[in-house]
Chemist: 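Here it is, the structure, as structure tokens.
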Amino acid sequence: MVGNLLLRGMIVGVVAGLLAFGFARVFGEPAVEHAIALEEAASQAKGEAPEPELVSREVQAGLGLFTGLVTFGAALGGLFSLAFPFAHGRLTSLSPRATAGLLALAGFVTLVLVPALKYPPNPPAVGDPETIGLRTQLYFAMLVFSLAGAVLAVAVGKRFRPALGVWNAALLGVVVYAAAVILLQLALPSINEVPEQFPATLLWQFRTASLGVQATVWTTLGLLFGYVAERYMAAARTGDARLAYSQGSR
Amino acid sequence: MSDIVLKPTAQPVAIPVGEILPWAVFAGLILLLALYFVGAEEGATSLISGSSVHEFVHDGRHLLGFPCH
């Protein structure tokens, strides 16, 4: 059962990666190109030699982007399909489709939206190469803490469900998570390495496109995996029943 | 008596944790490694020397929101 769900999750993830690639080509690449042009103009103005291109821009924006997003989609789809059976029938008593949809929404908020509010995605030309170590640590710390806050929120919600009912217990969970987010926003150091002259509209365009890429991935996972999982689980159930019947009649 | 269903709702049956866990651990590790290569290899940490992986997935890494360079 779990292996079959994993396989389906990874296939759905590949589809999510393909859709995200389409979105990124149309809405993301113009901003990336623009930012790189600014970066090159700035280093030229300083009289620096142009950086040698290890991988051409065509490959980066084509095959490289494709490989990156499809690999990301397949890996995330697999992880999503492994998280799904923990939630289904345990955290919710909803149908597989509804569970998958809620799980994807929670995943997007926890692993994309909340971390992005603290450490937003940056286009090329933004970010000091000297601080990549610190920025990477803080970003992954934010992911881990946000996930921990979500797990705590779910545990609290589940704990108080018998006393408060489903809705109020879920709201209590949301309050717990919101408190964790506020704490993280205040406790972790902020980073702003946007150059003084960097166009605000370009930054906005890049960041919304980046959120759009992630939203495409997570929406596809939530909706398509739910559909696929519900069909598979229903078929497996009737298959089991048929098997039990044929064994019983023998 | 214990077989009598008190509340016959269509409560979905959860897959036992023991059945999920081996998959979650082994497949989960491999999948996380794949995410690492797309998101962070040759940024702050390097398993492979050079920066060809970083440069190849450069645009995807930026647009997925990972710290790049």
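None of the values given here were measured: they were computed from a predicted structure. Lettering follows sequence order; numbering is per chain, from 1.
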Chemist: Within residues 6-15 of chain A, which residues come under 4.5 Å of chain B, heavy atom to heavy atom?
Modeler: A/Leu6, A/Met10
Chemist: For a side chain to side chain contact (heavy atoms under 4.5 Å, CB included) check, start with the C-alpha distance between A/Arg90 and B/Val17, then their side-chain angles and the critical distance, and finish with the verdict.
Modeler: CA-CA 10 Å; A/Arg90 215 168 261 122; B/Val17 171; 3.8 Å; yes
Chemist: By number, which residues in residues 24-34 of chain A have some heavy atom less than 4.5 Å away from chain B?
Modeler: A/Ala24, A/Gly28, A/Glu29, A/Val32
Chemist: Mind ranking A/Pro129, A/Gly3, A/Pro120 by heavy-atom pairs under 4.5 Å with chain B and telling me who comes out on top?
Modeler: A/Gly3
Chemist: Does any heavy atom of chain B fall under 4.5 Å from the side chain of A/Pro115, the backbone, both, or neither of them?
Modeler: neither
Chemist: Please look at A/Pro85 and chain B and tell me whether the side chain, the backbone, both or neither of the residue comes under 4.5 angstrom of a heavy atom of that chain.
Modeler: both
Chemist: Are A/Ile132 and B/Pro67 close enough that some pair of their side-chain heavy atoms sits under 4.5 Å apart?
Modeler: yes
Chemist: Taking A/Leu65, A/Thr99, A/Thr92 one by one, which has the highest count of heavy-atom pairs under 4.5 Å against chain B?
Modeler: A/Leu65
Chemist: Heavy-atom pairs under 4.5 Å with chain B: which of A/Val2, A/Leu54, A/Val59 has the most?
Modeler: A/Val2
Chemist: With only heavy atoms counted, which part of A/Gln60 is less than 4.5 Å from chain B, the side chain, the backbone, both or neither?
Modeler: both
Chemist: I need the minimum non-hydrogen distance between B/His69 and A/Arg135, along with the two atoms involved.
Modeler: O-NH2, 3.2 Å
Chemist: Taking side chain as everything from C-beta outward and backbone as N, CA, C, O, which of these in A/Phe86 sits under 4.5 Å from a heavy atom of chain B? Side chain, backbone, both or neither.
Modeler: both
Chemist: Can you tell me if CZ on A/Phe108 sees more than 12 non-hydrogen neighbours from other groups inside 6.0 Å?
Modeler: yes
Chemist: Check whether A/Arg207 gets within reach of chain B through its side chain, its backbone, both or neither, counting any heavy atom under 4.5 Å.
Modeler: neither
Chemist: State, with a plain yes or no, whether a side-chain heavy atom of A/Thr136 is found less than 4.5 Å away from one of B/Phe66.
Modeler: no
Chemist: Between A/His88 and B/Ala14 (side chain of the first, backbone of the second, donor and acceptor by atom type, cut-off under 3.5 Å), is there such a pair?
Modeler: no
Chemist: By a 4.5 Å heavy-atom criterion (distance strictly below it), what part of B/Val57 contacts chain A: side chain, backbone, both, or neither?
Modeler: both
Chemist: With a 4.5 Å limit on heavy-atom distance, are the side chains of A/Phe72 and B/Leu64 in contact?
Modeler: yes
Chemist: Do any of residues 46-53 of chain B have a heavy atom less than 4.5 Å from a heavy atom of chain A, and if so, which, in residue order?
Modeler: B/Ser51, B/Ser52
Chemist: Can you name the nearest heavy-atom pair linking B/Pro12 to A/Ser93, along with the distance?
Modeler: CD-O, 3.5 Å
Chemist: Report the C-alpha distance between A/Thr67 and B/Phe56 in whole Å, list the side-chain angles of each, state the deciding distance to 0.1 Å, and finish with yes or no for side chain to side chain contact (heavy atoms under 4.5 Å, CB included).
Modeler: CA-CA 9 Å; A/Thr67 310; B/Phe56 185 60; 3.6 Å; yes
Chemist: Kindly give the heavy-atom pair with the smallest separation between B/Gly65 and A/Ser210, and that separation in Å.
Modeler: N-OG, 3.8 Å
Chemist: Closest heavy-atom contact between A/Gly133 and B/Ala44?
Modeler: CA-CB, 3.8 Å
Chemist: Under a 4.5 Å heavy-atom cut-off, does chain B meet the side chain of A/Leu138, its backbone, both or neither?
Modeler: neither
Chemist: Which residues from residues 18-28 of chain B are near chain A, with near meaning under 4.5 Å between non-hydrogen atoms?
Modeler: B/Glu19, B/Ile20, B/Leu21, B/Trp23, B/Ala24, B/Ala27, B/Gly28
Chemist: Among A/Pro124, A/Gly89, A/Ala61, which residue forms the greatest number of heavy-atom pairs with chain B at distances under 4.5 Å?
Modeler: A/Pro124
Chemist: Using heavy-atom distances under 4.5 Å, tell me whether A/Phe140 contacts chain B through its side chain, its backbone, both, or neither.
Modeler: side chain
Chemist: Tell me, out of A/Gly68, A/Ser81, A/Ala74, who's got the most heavy-atom pairs with chain B below 4.5 Å.
Modeler: A/Gly68
Chemist: Hey, which of A/Pro123, A/Gly78, A/Ala116, A/Ala209 has the most heavy atom pairs under 4.5 Å with chain B?
Modeler: A/Pro123
Chemist: Checking A/Val126 against chain B: side chain, backbone, both or neither under 4.5 Å from a heavy atom?
Modeler: backbone
